[in-house]
Amino acid sequence: MALFIYDTSTNTVKGFFTAEDRVNFHLRGFPGDVWVIGKNEQGAYWLAEKNGVEKTKAEAQALVTAEVEAAQAAWDALSDEEKSRTPGRPTDITLP
């Protein structure tokens with residue numbers, strides 16, 4: 001049985017999730033407005049409340065990978081001087 005629900009929801013910043021949400025279920029955001037949510041009743045309610053669109057893990061991973069690859073390409077296009085002022089090249093992300 002899967003432990004997580006994968007979805008896309010647009011983070012509206014203030015109040016998008018609460019400390020209580022984080023206690024009630026696993027919740028982690030990734031590039032591309034992808035969210036990994038604990039698969040339980042509270043997580044499912046949160047997803048519905050945010051009008052999230054459930055994705056398969058493969059679909060969610062593809063969205064994250066596309067965002068990371070775009071960020072990597074943008075970083076690669078920087079001059080050496082600009083690169084020296086950044087925290088580094090974005091790294092690949094694998095969803096849990």
Side-chain angles (χ1 to χ4, degrees):
M1 183 172 158
L3 299 174
F4 302 112
I5 301 169
Y6 302 89
D7 89 292
T8 53
S9 302
T10 302
N11 185 342
T12 56
V13 186
K14 186 172 177 68
F16 186 67
F17 63 85
T18 65
E20 184 178 353
D21 291 335
R22 302 285 302 253
V23 170
N24 289 333
F25 55 92
H26 175 88
L27 177 64
R28 184 167 174 204
F30 292 90
D33 285 327
V34 171
W35 294 87
V36 177
I37 304 162
K39 190 170 187 172
N40 63 24
E41 187 175 355
Q42 293 96 345
Y45 282 134
W46 182 89
L47 173 64
E49 180 183 284
K50 302 304 177 194
N51 296 318
V53 177
E54 192 167 342
K55 302 289 184 185
T56 66
K57 182 177 181 179
E59 290 170 331
Q61 183 66 62
L63 292 169
V64 170
T65 298
E67 288 287 322
V68 169
E69 287 175 351
Q72 289 171 336
W75 191 88
D76 292 343
L78 295 174
S79 69
D80 288 341
E81 182 180 332
E82 291 170 315
K83 287 177 183 174
S84 71
R85 294 191 305 252
T86 69
R89 188 174 194 264
T91 59
D92 294 336
I93 297 172
T94 301
L95 296 177

Between Phe4 and Val64, is there shared hydrophobic-cluster membership here, with clusters defined by ILVMFWY side-chain heavy atoms closer than 4.5 Å?
yes
Closest non-hydrogen atom pair between Leu78 and Lys83, with its separation
O-CE, 3.3 Å
Looking at Leu47 and Ser9, what are the two nearest heavy atoms and their distance?
CD1-OG, 4.4 Å
Which heavy-atom pair separates Trp75 from Pro90 by the least distance, and what is that distance?
CB-CD, 3.9 Å
Return the CZ to CD1 distance between Phe17 and Ile37, rounded to the nearest 0.5 Å.
11.5 Å
Starting from Ile93, can I reach Val36 by hopping between I/L/V/M/F/W/Y residues whose side chains sit under 4.5 Å apart?
yes
Check for a donor-acceptor pair, side chain of Asn40 on one end and backbone N or O of Asn24 on the other, with a separation under 3.5 Å.
yes
Non-hydrogen side-chain atoms of Leu3 and Lys39 separated by less than 4.5 Å:
no
Atom pair CG/CG of Leu27 and Asp21 - distance to nearest 0.5 Å:
6.5 Å
Do Val34 and Thr8 touch side chain to side chain, with heavy atoms closer than 4.5 Å?
yes
So if I apply the ring pair (Phe, Tyr, Trp, His ring centres under 6.0 Å) rule between Trp35 and each of Phe30, Phe16, Tyr6, which one comes out positive?
Phe16
So how far is it from Lys50 NZ to Asn11 CG, rounded to the nearest 0.5 Å?
9.0 Å
Quick one: CZ on Arg28 to CZ on Arg22, what's the gap to the nearest 0.5 Å?
9.0 Å
For the side chain of Gln61 and the backbone of Leu95, is there at least one donor-acceptor N/O pair under 3.5 Å apart?
yes
Heavy-atom nearest pair, Pro31 first then Glu67, reads CB-CB, 3.7 Å
In terms of heavy-atom contacts, Ser79 and Glu82 come closest through N-OE1, 2.9 Å
Check: Glu59 side chain, Asp7 main-chain N or O, donor-acceptor pair, under 3.5 Å:
no
Can you tell me how far the OG1 atom of Thr65 sits from the CD atom of Gln72, to the nearest 0.5 Å?
9.0 Å
